[in-house]
Asks: 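Structure incoming, see below.
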Amino acid sequence: MPAPRGVFALLVTFTVAFAAIAAALPTGLAVASTTWPPSTGLVLAEVMTGGASASDEYVEIANAGPTDADLGGCELVYVTASGTTSTRKASFGTPSLLAPGQHLLVANAAGIYGPLADATYSGGLAADGGAVALRHVDGTVIDAVGWGTAANAFVEGAVAPAPPPKSSIERLPGGAAGNSQDTNDNRADWFVQSDPIPQSLASTPVPRPSASPTATAPTPATTPTTSA
């Protein structure tokens with residue numbers, strides 16, 4: 001039995017009104033659900049998309065947990081804002097242990113951070129919008145961050161702000177307090193860092209782990225495989 005004309009008209013009016021409200025929402029306020037839990041170990045710590053040169057960019061991975069974390073069998077990928085293209089930037093052999101608070105630096109080989117990096121790549125990160133994800137090679141995501149105009153499946157919650165040139169986005173709490181906050185909402189977990197300081201395997205772990213008489217040195221991370 002056809003719906004009464006009045007009911008149909010009401011549905012059309014509601015649909016049009018809902019579409020108008022959605023179109024009026026500011027960019028970045030939409031919240032996307034994720035299929036992976038917040039990470040208590042390996043996290044993305046900082047992303048820089050350009051400095052004096054567009055190639056002055058890097059991505060930091062950190063161990064936010066209390067015990068060693070293994071990067072073995074993982075990869076770092078960059079995803080365009082629309083999600084149409086995904087590019088592997090680095091992959092890691094087994095074992096590749098990060099001590100608590102330790103950082104690993106992956107940078108554009110053509111930029112000023114290339115010589116400092118533990119792994120390098122070619123091809124850039126879009127400054128206005130994109131996403132990077134740390135995942136297992138089977139595709140299972142460990143952590144991800146999307147910024148600016150990103151509207152792909154790797155945005156956790158709402159996007160983080162796009163960093164201005166010579167600035168980065170960094171995971172809270174930041175600086176000497178380390179990078180441990182992960183609520184699966186990029187806007188809540190990341191902030192614009194106006195004074196980026198890249199940290200690599202050679203840097204002192206941040207925050208410095210508590211001394212323990214029974215602690216043993218972790219196995220150094222193996223040299224990551226780089227890719228274009």
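In what follows, every heavy atom counts, from backbone to side chain, and hydrogens, waters and symmetry copies are set aside. We're numbering straight along the sequence, starting at 1.
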Asks: Looking only at side chains, do Thr140 and Asp138 share a donor and an acceptor under 3.5 Å apart?
Replies: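 Indeed, the side chains of Thr140 and Asp138 share at least one donor-acceptor pair under 3.5 Å.
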
Asks: If you group Ile, Leu, Val, Met, Phe, Trp and Tyr by side-chain heavy-atom gaps below 4.5 Å, do Val145 and Leu76 land in one group?
Replies: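 Result: yes, single cluster for both.
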
Asks: What about Trp147 and Ile61, same hydrophobic cluster or not, with Ile/Leu/Val/Met/Phe/Trp/Tyr joined at side-chain heavy-atom distances under 4.5 Å?
Replies: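 Hydrophobic grouping puts Trp147 with Ile61.
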
Asks: Do Tyr78 and Val47 belong to the same hydrophobic cluster, where Ile, Leu, Val, Met, Phe, Trp and Tyr are linked whenever their side-chain heavy atoms lie under 4.5 Å apart, directly or via other members?
Replies: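 They do share one cluster, since a chain of ILVMFWY contacts under 4.5 Å joins Tyr78 to Val47.
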
Asks: What's the verdict on side-chain contact (heavy atoms from CB on, under 4.5 Å) for Leu201 and Leu104, showing C-alpha distance, side-chain angles and the deciding distance?
Replies: CA-CA 5 Å; Leu201 292 173; Leu104 183 142; 4.1 Å; yes

Asks: Walk me through whether Tyr121 and Arg88 qualify under side-chain contact (heavy atoms from CB on, under 4.5 Å).
Replies: CA-CA 9 Å; Tyr121 59 85; Arg88 176 186 288 178; over 6 Å; no

Asks: Do Leu105 and Ile169 sit in one hydrophobic cluster, given that two such residues count as connected whenever their side-chain heavy atoms are within less than 4.5 Å of each other, even indirectly?
Replies: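 Unlinked, Leu105 and Ile169 end up in two clusters.
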
Asks: Which heavy-atom pair separates Ala81 from Thr149 by the least distance, and what is that distance?
Replies: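 Reported closest heavy-atom pair: CB-OG1, 3.8 Å.
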
Asks: Checking side-chain hydrogen bond (donor to acceptor under 3.5 Å, both in side chains) between Asn179 and each of His103, Arg171, Gln199, which is the one that passes?
Replies: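 So the option named by the test is His103.
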
Asks: Applying the side chain to side chain contact (heavy atoms under 4.5 Å, CB included) test to Leu134, which of Val59, Val77, Leu71 qualifies?
Replies: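 Result: among Val59, Val77, Leu71, Leu71 is the only option passing the side chain to side chain contact (heavy atoms under 4.5 Å, CB included) with Leu134.
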
Asks: Which heavy atom in Ser194 sits nearest to a heavy atom in Ser167, and how many Å separate them?
Replies: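 Reported closest heavy-atom pair: CA-OG, 3.6 Å.
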
Asks: Are Val159 and Phe154 connected into the same hydrophobic cluster when the rule is that any two of I, L, V, M, F, W, Y join if their side-chain heavy atoms are below 4.5 Å apart?
Replies: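 In one cluster: no.
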
Asks: Which atoms form the tightest heavy-atom contact between Pro198 and Leu116, and what is the distance?
Replies: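 Nearest heavy atoms, Pro198 then Leu116: CG-CD1, 4.3 Å.
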
Asks: Between the main-chain N or O of Ala158 and the side-chain N or O of Asp185, is there a donor-acceptor pair closer than 3.5 Å?
Replies: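 Side chain of Asp185 to backbone of Ala158: a pair is present.
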
Asks: Go through it in stages, so that I can follow the logic: the residues are Ser39 and Asp143, the test is side-chain hydrogen bond (donor to acceptor under 3.5 Å, both in side chains), and I'd like the CA-CA distance, side-chain angles, deciding distance and then a yes or no.
Replies: CA-CA 7 Å; Ser39 178; Asp143 189 34; over 6 Å; no

Asks: Tell me whether Asn186 contacts the main-chain N or O of Glu156 through its side chain, where contact means a donor paired with an acceptor under 3.5 Å.
Replies: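 Flag set: sc Asn186 to bb Glu156 pair under 3.5 Å.
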
Asks: Quick one: closest heavy-atom pair of Pro163 and Thr49, and the distance?
Replies: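 Answer, listing the atom of Pro163 first, then Thr49: CG-OG1, 3.5 Å.
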
Asks: Heavy atoms, side chains only, cut-off 4.5 Å: are Ser53 and Ile112 in contact?
Replies: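 No, too far: nothing below the 4.5 Å cut-off.
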
Asks: Report the C-alpha separation of Asn63 and Gln102 in whole Å, then their side-chain angles, then the decisive distance to 0.1 Å, and conclude whether the side-chain hydrogen bond (donor to acceptor under 3.5 Å, both in side chains) test is met.
Replies: CA-CA 6 Å; Asn63 177 8; Gln102 191 172 27; over 6 Å; no

Asks: Run the numbers on Lys89 and Val132 for side-chain contact (heavy atoms from CB on, under 4.5 Å), then give the verdict.
Replies: CA-CA 9 Å; Lys89 294 301 185 183; Val132 289; over 6 Å; no

Asks: Considering non-hydrogen atoms only, spot the tightest contact between Ala99 and Asp68 and give its length.
Replies: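 Result for this residue pair: CA-OD1, 3.6 Å.
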
Asks: Do the non-hydrogen side-chain atoms of Trp190 and Leu44 ever get within less than 4.5 Å of each other?
Replies: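 Trp190 reaches Leu44 side chain to side chain.
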
Asks: Identify the heavy atoms of Val141 and Arg135 that sit nearest to each other, and give their distance.
Replies: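 Scanning both residues completely, I find the closest heavy atoms to be CA-CB, 3.7 Å.
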
Asks: Can you check side-chain contact (heavy atoms from CB on, under 4.5 Å) on Tyr113 and Glu57, steps first, answer last?
Replies: CA-CA 7 Å; Tyr113 302 109; Glu57 56 184 32; over 6 Å; no

Asks: Could you tell me if the side chain of Thr80 sits less than 4.5 Å from the side chain of Asn152, heavy atoms only?
Replies: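 Counting from C-beta outward, Asn152 and Thr80 never come under 4.5 Å.
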
